[in-house]
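Letters A, B, ... mirror the listed sequences (proteins, then strands); counts begin at 1.
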Amino acid sequence: MLNFETTVQDSKSYGDLTLSEVEPILKINLRSNKREFSTKIGKLLSIIPPIEANTSSSNEDYSILWLSPDEWLIYSNNKISYEQQNLLEENLFNNISNTNQGSVTNVTDHWVMINLKGSKIYDLLSKSSPYDFKNFKMKKGSVAQTLLNHTDVILHNIDDNNLNLFVRRSFSEDLWLWINDSARFL
Amino acid sequence: MFIINCPYCGERDQTEFSSGGEAHIVRPKQPTELSDDEWAEFLFMRKNIKGIQFERWNHSHGCRKWFNVVRDTSNDKIHAVYKMGEKPPVNK
Amino acid sequence: MPQELRINNNKFIDQTTRLSFKFNGEKLYGYKGDTLASALLANNIHLVGRSFKYHRPRGIMTCGSEEPNAIVQIGNDPSLTDPNVRATEIELYEGLEAFSQNCWPNVKFDIGGINNLLSPLLPAGFYYKTFMWPASFWEKYEFFIRHSAGLGKSPTKPDPDIYDHKYYHCDVLVVGGGISGIMAAKLSAENNNETLLLDDKNILGGATIYQNNDCFQIDGTHTNYWLEKEIKNIKNIKNLTIKTRTSLAAYHGYNYLLAKENLTDHLSPDERKGKIRQRLWKIRAKKVIIATGSIERPLIFNNNDRPGIMLSSAIKKFIDFYGVKAGKEITLFTNNDSAYETAISLKKSGVNIVSIIDIRDKSSSKIVKEVEKHNIKIYWKHTIVNTEGYRRISFIEIMQLSDDGSDVIGKKIKLKTDCLGISGGWTPMVHLFTQSGGKLKFRSDDNVFLPDKNKTPSDQISIGSCNGDFDIKDIILNSNKDVKTFLGIENSSFDNLKVESSKEEMKRNIWLLPSDKPIGKTKPFLDFQNDSTAKDVKLALREGFKSIEHVKRYTTTGMGTDQGKLSNMHALGIIAEITGTNMGELGTTTFRPPYTPLTFGAIVGRNVGEFFDHTRKTAMHNWHVQNKAKFENVGQWKRAWYYPKNGETMFEAVQRESKAARESVGILDASTLGKIDIQGTDASEFLNRVYTNAWSKLAIGKCRYGLMLNEDGMVYDDGVTTRLGENHYIMTTTTGGAANVLTKLEDYLQTEWPELDVYLTTVTDHFSTISICGPNSKKILSKVIPDLDLSDEKFPHMSFKNSIINGIKCRVMRISFTGEHSYEINIQSNYAKHVWELCMDAGKNYNITPYGTETMHLLRAEKGFIITGQDTDGTMTPSDLQMDWIIGKKKFDFIGKRSLYRSDTIRDDRKQLVGLLTDDPKEILEEGAQIVEKLNQKPVEMLGHVTSSYFSPNLNKSIALAVMKSGKKLKGKKFFVPMENKNINVTVTDTVFFDKENKRLNA
Amino acid sequence: MKNKYSIFSLIKNAFSNHENWQRAWRDPEPKKEYDAIIVGGGGHGLATAYYLAKKHKMTNIAVVEKGWIGGGNTGRNTTIIRSNYLWDASAGLYDHALKIWEGLSQELNYNIMFSQRGVMNLAHNLQDVRDLKRRTHANRLNGIDAVWLNTDEVKKFCPIINTSPDIRYPVLGGTLQKRAGTARHDAVAWGYARGADQLGVDIIQNCEVKGIKRDGDQIIGIETSKGYIKSKKIGVVAAGHSSVIANMAGLKLPLESKPLQALVSEPVKPIIDTVVMSNAVHAYVSQSDKGELVIGAGTDSYVSYTQKGSHNIVEETLRAILELYPIFSRMKMLRQWGGIVDICPDASPIISKTQVKGLYFNCGWGTGGFKATPGSGDLFAHTIANDEPHKLNAAFNINRFVSGDLVDEHGAAAVAH
């Protein structure tokens, strides 16, 4: 097996704020505007892709984030083996892409997932995100695609004062630096 | 700094969007049959309206969808937004 | 030593905390709570600076952000010094050092003061009329003009301080913490609105918090006591956030407001360490309540600018708030009742009032009567015609006004005074309102511009004195009523307040007060900082500058650091009078943001230094660093440029890398190329439309190079696209073009071709790309992926295979950008560095050589392959690039096709790509150098330019690509490349220099 | 003949307390008919009128201005003047202007304060270097003074630039045009207005064009807020509002009008003695005679006629300024404003006849029109007077958008300011 090397490989605390890169879990991008797509995903993953904007649906294994009316991001809630990842990707690809129901694209390493926890995470984000977190904050499962320090991010509210942040791999070290710098001044 | 109501994601800050210029300039279906003048009309000529303009925006840092906006270019007030392919909600 | 100008019992100044500071090197002290201005006054210092043009001595005039004169340089550390700081705003701290500006050798004796003597030669706009002879001398004159202008000095070393940003969303924003702002904030927050209250001072309460006068009472107590209680109460409301030392800078559309919070400027240097200096708040408020108050107007009369002449309201604040007497023998000069409030405050504190000069005939309001009780001499219907005192006012001369106010009559009376308070009425601060798009209306009763309720953008109101209410009764009544309506509130705790005040009964306004001297001999200053006088305004009008914007620009009135907060109304008044226009019709000049100057640092926030711009890194970045790569910035990416070994120069390293790649094997990190995953039943049709060439017949498992145009027919991007399955492709784009290409393709799919069943997903960061190139590349790959059949039959050039490296899936393409037998491994990025290392390991015995972008550029140039953006500049068609073969002539349409057949794009004398060889093979052309045929012309006709140029180690000669007019027809012809010191002889050649038969691809 | 301006006239007038200065220009009511009307009283329009009267002896002409003269982009720009353009056509046009600038104060007897303190363009990446070198070579062969400076020479010419190799986009060199510089923007409008007025041109302010009258293909006059005015030649120089006027005549132009912002700092003693522009790190800065740092920001990407742009554009600009000049962090922004710039797809102007006879357009100057003012006026006057372009503006015709012969200045990475 190959060694893998993620970008951040770090975890930091500032007061009750903790930041940590989550070890890569499976991430798959789905796109479709076909009618049967949802049902098919439902059958394959026991979870329906959300239709409502800025929301997600989750079960024990997976979360599906709404990205646009025809685009979703699936990620596995837990680390799963590389073989399992492959199986799932192939299964989805065969049932969706190969049946012309949409597209399935593995984006596991496209995104780096950083977990932010603590009472001041929204103070941190509001230093450089124009997004109004008022509703997002209150609703578990909310999803926001916005800018953080001029970088595209996807935010997923997984619990009170606890969210997962997705940033493109090539930007991740840069954003990590910014987050840590800003966390010093909360 | 506008607030633009993305028809898919809701109200967001202008910095999440990029502008795509005048809307409803349909790409000719058979460009080869156009004269140079007609092609130039499609390519370059713009109304550049002072007043109510129908224009395209892209939620480039959000859902990446293109959509249409009705904006008064004389005061930047946005009157409506609507999806691609939809009819303008106000008279053109 | 006690300060004799201090009064004691003052609650805003902490007289137990003494702070020492220096002004122009002199050691002084003040107290915690002082501003620099109040501390200077307590030390009996009025002379603070020199004016801009005439270098006249100037003192403290106000106690706020409208201060035009008392602006100083703070500190002298080259990285921390602050120019143009208002002494009236900066809070005193231990160790503060301040210096007068715009004077040499010092503020008391300033050589520039000679300008004052020359002032008859320096009317408004004088520089437009002179300094024209001799023609070449302007820059010499300008040198002196520049050195006598400017105010403070810029820092000369980088700023070590940290600035921060904060986005803030709220229901209601209240700007200004005076009495109306406090009321609004309370009403708003108590009624379930998330409310933010901002005030630029360190203490809330505006002017009411020190208004301790029997004439003004609320519910039976003095207004200050009432307000104190309210302020105490609102601090406990949970929906309310209060920010002091935070000034609203700009009010943009869609209720987007910028405010600057000062966090450390009031602290001593020791206390500042490790703290953020300023924070810029970017506020989005659903509703905005503007309660910014008003500022007092000066009066315009002869020599009204001397140190010791101050706004009457400033004198009042200095005594009531700071506990400082601005003088010992104070005179007040007014056209309204406000000066009488000052008189009472002074009297209470035991200051001697010489007299009050009032231009009105009489007033019998409550407060005037109160003053009369104190036996203060009031000169009704009088004006000041002159003042004396160079560094500090010493005398005034007064005369009686004629009935129409245009002249003076009677005997001149001379009065001795050391401080003169002037009061010309009040100007509502409507800056933010107009910045937001609101329109003003004019109220002629008291000559004020007010927010026009009918032309107010929705979701905001103005209340209090910025809305034209100057009487405390009106302020309370109207603020309460307006806020209730605005926020939809039914009942308020302010509904039944009992308010007592002194109603002003009599008004008289004269914009330019007459003197006994002709106006030409007087100096009635309008803009104190820029030294423009009423005379200048008159001159501008005489010369035909009619528009107020013209007058402003010609006289520079209102263009100082105070942005005309004190001067603009008088300038308008004088213009209106002379031109016989109604002031309302004349309008105002534009109020431009920011309201008060904003540091660049605060605007930029943290995005300085390492955070200036993003740095994008590939998965192999750390390997490149460890192996001493030099990096090239390509967009936001850091790309390995070359890897110098043992002190090699760049040239040497690139020569070595280039040879190695052709002779054995080279390895390149190509991960930055854009990669787009394309799926859907119409994927082939989509590619047909976006690329110039045909795609339908590309077999699964094959790769093809594609060229993408703009609709204008010019080359936009290029790259190799691979067919992974029936309906599945992976497209590569240039590094710089990746984001734009994706956006453009999505645009076509969503807007023009919604009928196509195609889905795009970017995978640029998911896959890293390792390119292995050279005759031994096959050997390396077979070691890294032993299971893969690399025979030319099974894995020919321009094809692809799915494979596995140590259990991890990867895609291998056999494609080449160098003309060598090459492979590209695409692997998930988290494994890429390891695969790179495996390749390096596998190549040990083959001298595997990592190479960077420079070598890549050289190798492809040897083959005549273009780089979009380097060999193209947005003006090249495929045919210009000699790539007619890539245009699918039979294709019905593709992006840009129609543009290729316009009359000027089909011309055959367009600039076309060619190869160039120098006659001297050692001579390397400069990229960007021009190519000419004839040298002895003027101007020289240029036929084209060099786009790429290298010394090819594999050919042992220099090679270049160029674009030249009619280039296709020029093969074999000779030209010149003229350099500054020589002309280089060149010959046009084919664009392919190396391995023209493409034998090496299958070597 | 009006007062001639000089030090002597200043002294003379000082004795009469400056009460005898004459008007710089009259304030006439419009006549019924003119031989030509210029729409737009900015620098370009006033210069056009001046040269029509001066060189082509057309003195029965008027300039109509919606507001006050010089109140549009003339009074809102960052006053940079240079001619180091890439393409021959552009170089010809802008250097023609630069040559006129060099003697303009004397020509107009009005000090427009043309200050040849040099303009430096910086390169921050390898493609910048190629592009700027290409431009420098082309300039030299076109007879335009421009030299390439390496990083040390850049530092020497302007010591406050951060030329450290460790910054995000290090300065790799730059070009310098020494004849380039700045001028006092208001003075340009006022000087031309005074000059034109003296030659008999009617300058009519507060006169808004409401309609363009055609008789078939021939222009016959304009409807204005001060009534109908007849003329068979109308030259439109309305900058951001060009499309609005074109639409009145039933034409569309290849223009988009966008907000362009600029700002000044509080005045300080001399700290930067040249003009420095950077394309890759988008920032340009100079210092005015008053001591203010004059900083140009970028354009927004959407059409707007509000004269207001987005704050993030200002923020981005100052970010770039602090990257190159970290010493300015504590300097303060005093004023910030916006203008409306009309931009052509190829970032080059239009100085051209149209398909309507007698209707001429001078527009599309985008973010860089001020520097061309005298040349633009001269060539536009030639075009109107002769109904044919001068050879220097022939390439800037409207038809290039049909035939495809664009003068693409942004493709060539010339900073278009």
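- Your options are B:A40, B:S35, B:G20, and the one with the most heavy-atom pairs under 4.5 Å with chain D is B:A40.
- Separating the OG atom in B:S19 from the CD atom in D:E256 is a distance of 7.0 Å, to the nearest 0.5 Å.
- The two residues B:D76 and D:S304 come nearest to each other via the heavy atoms OD1-OG, 2.9 Å.
- A distance of 6.5 Å separates CH2 in B:W57 from OH in D:Y302, rounded to the nearest 0.5 Å.
- At a 4.5 Å heavy-atom cutoff, the contact between B:E41 and chain D is made by side-chain atoms alone.
- In this structure, chain B has heavy atoms under 4.5 Å from both the backbone and the side chain of D:V303.
- Taken from CG in B:N48 to CG in D:L255, the straight-line distance is 6.0 Å, to the nearest 0.5 Å.
- Counting heavy atoms from C-beta outward, D:F401 and B:D36 have side chains that stay 4.5 Å or more apart.
- When heavy atoms are compared at a cutoff of 4.5 Å, D:N312 approaches chain B by way of both its backbone and its side chain.
- Annotation: side chain of B:Q14 is in contact with side chain of D:D300 (closest heavy-atom distance under 4.5 Å).
- By the 4.5 Å heavy-atom criterion applied to side chains, D:K252 and B:R46 are not counted as neighbours.
- Neither the backbone nor the side chain of D:I343 comes within contact range of chain B; no heavy atoms are under 4.5 Å apart.
- Here D:I340 contributes atom CD1 and B:T73 contributes atom OG1; the two are 9.0 Å apart, rounded to the nearest 0.5 Å.
- Distance CZ/B:F44 to SG/D:C344: 9.5 Å, rounded to 0.5 Å.
- Enclosure of atom NZ in D:K213 is not indicated, since only 12 or fewer non-hydrogen atoms of other residues, nucleotides or ligands lie within 6.0 angstrom.
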